[in-house]
S.K.: 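Just dropping this structure here.
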Protein chains: 2
Amino acid sequence: MARLGDAGPSMQGLVLALRDITADLGFEHCSYVLRQPLPIAQPAIHWGSTYPQAWLDRYMERNYLELDPLVQRALASDLPVVWSDRSIDRLPEFWEEARSFGINHGWAVSSHGRDRGVGLLTVARRNEPVSAHELEQNEMRLLWLAHSMHGMASLLPGVAQALLEPLSLREREVLLWSAAGKTADEIGLILAISSRTVTFHINRCIAKLGAANKTEAVAKALVLGLL
Amino acid sequence: MARLGDAGPSMQGLVLALRDITADLGFEHCSYVLRQPLPIAQPAIHWGSTYPQAWLDRYMERNYLELDPLVQRALASDLPVVWSDRSIDRLPEFWEEARSFGINHGWAVSSHGRDRGVGLLTVARRNEPVSAHELEQNEMRLLWLAHSMHGMASLLPGVAQALLEPLSLREREVLLWSAAGKTADEIGLILAISSRTVTFHINRCIAKLGAANKTEAVAKALVLGLL
DNA sequence: GATGTAACTGTCATTTCTTACAGGGCGCCG
DNA sequence: CGGCGCCCTGTAAGAAATGACAGTTACATC
């Protein structure tokens with residue numbers, strides 16, 4: 001029974017729970033950002049954070065989500081990143097600002113789900129640099145946390161991205177060969193059906209996926225893990 | 001200095017190293033399977049295993065890679081799977097055969113990389129079922145192992161799938177909007193260039209990606225993580 | 001100044017896709 | 001048996017993509 005003002009499960013709620021765990025690992029702040037793959041041109045982003053409110057305001061105001069070197073790194077690699085106030089490679093003004101809010105030393109781990117969703121877990125603190133011993137001790141835990149957060153966040157209302165009407169076997173086949181660059185004629189030969197029927201199935205895919213054309217249908221099916 | 005008969009780093013070599021670790025966790029056998037996303041219609045599969053040779057022969061002979069419920073599960077979900085001789089939901093003849101080779105109890109963890117590569121780490125043994133305590137104790141380690149194997153295996157010669165010639169900024173932009181279902185005309189409006197120029201960039205993408213048409217170019221770029 | 005790269009624009013012929021129309025056959029299930 | 005889902009096929013017109021031709025402009029580097 002939801003009470004007045006009870007927003008239900010949310011990313012922020014998850015992150016508040018996460019904080020209790022990361023605090024035991026010796027970090028003051030933590031955040032989790034999940035970028036879902038759709039819509040393709042402007043992916044949906046969900047996040048929660050326990051960083052200082054003033055820093056968050058600043059972060060949103062200057063659209064740092066698009067610029068943050070950490071986020072860029074997470075999208076481009078599977079490897080964890082540790083940063084300190086000396087390890088500044090790009091955007092020095094960004095790091096200076098972060099420092100001014102007491103975010104001096106941190107650690108970020110990314111996770112990738114089967115739906116191409118990308119998650120980024122970050123923890124940070126003011127004083128102690130992240131030691132080599134700490135890295136070895138906690139890397140596994142952080143990976144585990146990132147993985148768990150990813151799984152839970154993907155289930156949150158408003159975050160899940162599933163297909164209403166599932167594709168039939170034939171539809172998946174036809175779309176798969178389309179993704180492989182085959183024309184309707186070629187697919188007809190491969191599947192031993194007329195090219196007209198191939199077109200028919202592709203059109204059903206386009207409709208079911210809510211796509212504008214074959215290319216978008218293939219892209220959506222790929223990121224939804226249907227192929 | 002490679003010696004005669006030295007095949008260099010290989011998946012089987014990685015798995016042999018993995019065995020030393022999983023043996024400490026109490027499992028006789030282990031395997032790792034990595035499915036790379038390209039080619040789209042017939043993804044490349046690389047694997048190594050310490051399961052009994054007779055079982056492997058049987059496995060390959062009957063094309064179990066396509067049928068194995070564990071593999072199906074790994075491709076469809078992010079969750080780990082534990083199986084015992086009683087937890088048979090599909091393909092009973094498959095599980096019976098596995099048991100006949102002493103593969104009674106096992107555990108599988110999947111991992112997903114940013115390039116849509118899917119890895120599956122399995123460990124198994126003959127006698128002891130996997131206990132709840134063991135699950136709690138080792139889930140983190142197995143996830144870590146799967147993640148590490150994924151990273152290392154992706155670097156093996158013959159496994160890595162990278163693009164020779166990188167896409168320019170404009171090319172990525174144009175391809176992204178194509179993936180979002182926009183026509184050349186629409187993209188021209190969005191980017192404030194002529195539709196002819198949009199076509200020009202798309203053609204370069206098609207050439208660089210070695211694709212047959214726009215649809216395949218988008219699909220390849222997506223699975224390569226270029227968008 | 002020369003070189004190279006990225007971005008940009010045009011026309012034209014051909015191929016492919018997209019969308020609309022109108023159906024038949026098959027198997028499953030209530 | 002009727003309904004439903006899936007699979008299959010045809011025609012035709014208009015929209016879009018493809019491929020090959022031939023260029024200009026801007027910018028960074030050497």
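Proteins come first, then strands; the chains are lettered A, B, ... in the order of their sequence lines, and each starts at number 1. Bear in mind the structure is a predicted one, so any value in this text is a computation, not a measurement.
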S.K.: Does B:K208 use its side chain to pair, donor to acceptor, with the backbone of B:P166 at less than 3.5 Å?
M.R.: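 The answer is yes, because a donor-acceptor pair under 3.5 Å joins these two groups.
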
S.K.: Is any side-chain N or O of A:T197 closer than 4.0 Å to OP1 or OP2 of D:dT9?
M.R.: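 Looking at the OP1 and OP2 atoms of D:dT9, one of them is under 4.0 Å from a side-chain N or O of A:T197.
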
S.K.: Which residues satisfy the salt bridge (Lys or Arg N to Asp or Glu O under 4.0 Å) test with A:E97, sequence neighbours excluded?
M.R.: A:R58, A:R62

S.K.: Please list all pairs meeting side-chain hydrogen bond (donor to acceptor under 3.5 Å, both in side chains) that have one or both residues in residues 216-227 of chain A, counting only residues at least two apart or in different chains.
M.R.: none

S.K.: Which pairs with one or both residues in residues 175-192 of chain A pass salt bridge (Lys or Arg N to Asp or Glu O under 4.0 Å), sequence neighbours excluded?
M.R.: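 Those involving residues 175-192 of chain A do not exist here.
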
S.K.: Hey, do the aromatic rings of B:W95 and B:W83 have their centres closer than 6.0 Å?
M.R.: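 Yes.
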
S.K.: Heavy atom of residues 169-193 of chain B under 4.0 Å from DNA chain C: which residues?
M.R.: B:L169, B:R170, B:I193

S.K.: Under the side chain to side chain donor-acceptor pair (under 3.5 Å) rule, what do A:S178 and B:T215 come out as? Steps first, then yes or no, please.
M.R.: CA-CA 7 Å; A:S178 293; B:T215 301; over 6 Å; no

S.K.: Where along nucleotides 21-30 of chain D does protein come under 4.0 Å, by heavy atom, of base (B) or sugar-phosphate alone (S), with - for untouched nucleotides?
M.R.: B---------

S.K.: Sub-3.5 Å donor-acceptor pair from the side chain of A:Q36 to the main-chain atoms of A:V159, do we have one?
M.R.: yes

S.K.: Taking only side-chain N and O atoms of B:S168, does any of them lie within less than 4.0 angstrom of OP1 or OP2 on C:dT5?
M.R.: no

S.K.: Taking the axis from the first five pairs and the axis from the last five, what angle separates them in the helix from C:dG1-D:dC30 to C:dG30-D:dC1, rounded to 10 degrees?
M.R.: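 That helix has its two terminal axes inclined by roughly 50°.
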
S.K.: With sequence neighbours left out, what residues match A:H150 under ring-ring contact (aromatic ring centres under 6.0 Å, His included)?
M.R.: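 None.
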
S.K.: Under 4.0 Å from OP1 or OP2 of D:dG10: is there any side-chain N or O of A:S194 that close?
M.R.: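 For D:dG10, OP1/OP2 do have a side-chain N/O of A:S194 under 4.0 Å.
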
S.K.: Looking at residues 203-223 of chain A, who's got a heavy atom less than 4.0 Å off DNA chain D?
M.R.: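 The answer is none.
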
S.K.: What residues, two or more places apart in sequence or in another chain, satisfy ring-ring contact (aromatic ring centres under 6.0 Å, His included) together with B:H46?
M.R.: none

S.K.: Could you pull out all residues at least two apart from A:H201 that satisfy side chain to side chain contact (heavy atoms under 4.5 Å, CB included)?
M.R.: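 So A:H201 forms a side chain to side chain contact (heavy atoms under 4.5 Å, CB included) with A:R170, A:E171, A:V174, A:T197.
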
S.K.: Considering residues at least two apart in sequence or located in another chain, which fulfil the salt bridge (Lys or Arg N to Asp or Glu O under 4.0 Å) criterion with A:R125?
M.R.: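 Salt bridge (Lys or Arg N to Asp or Glu O under 4.0 Å) check on A:R125 returns A:E134.
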
S.K.: What residues form a ring-ring contact (aromatic ring centres under 6.0 Å, His included) with A:Y59, not counting sequence neighbours?
M.R.: A:W55, A:Y64

S.K.: SG/A:C30 to CH2/A:W107 distance, rounded to the nearest 0.5 angstrom?
M.R.: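 Answer for the SG-CH2 pair, A:C30 versus A:W107, is 14.5 Å.
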
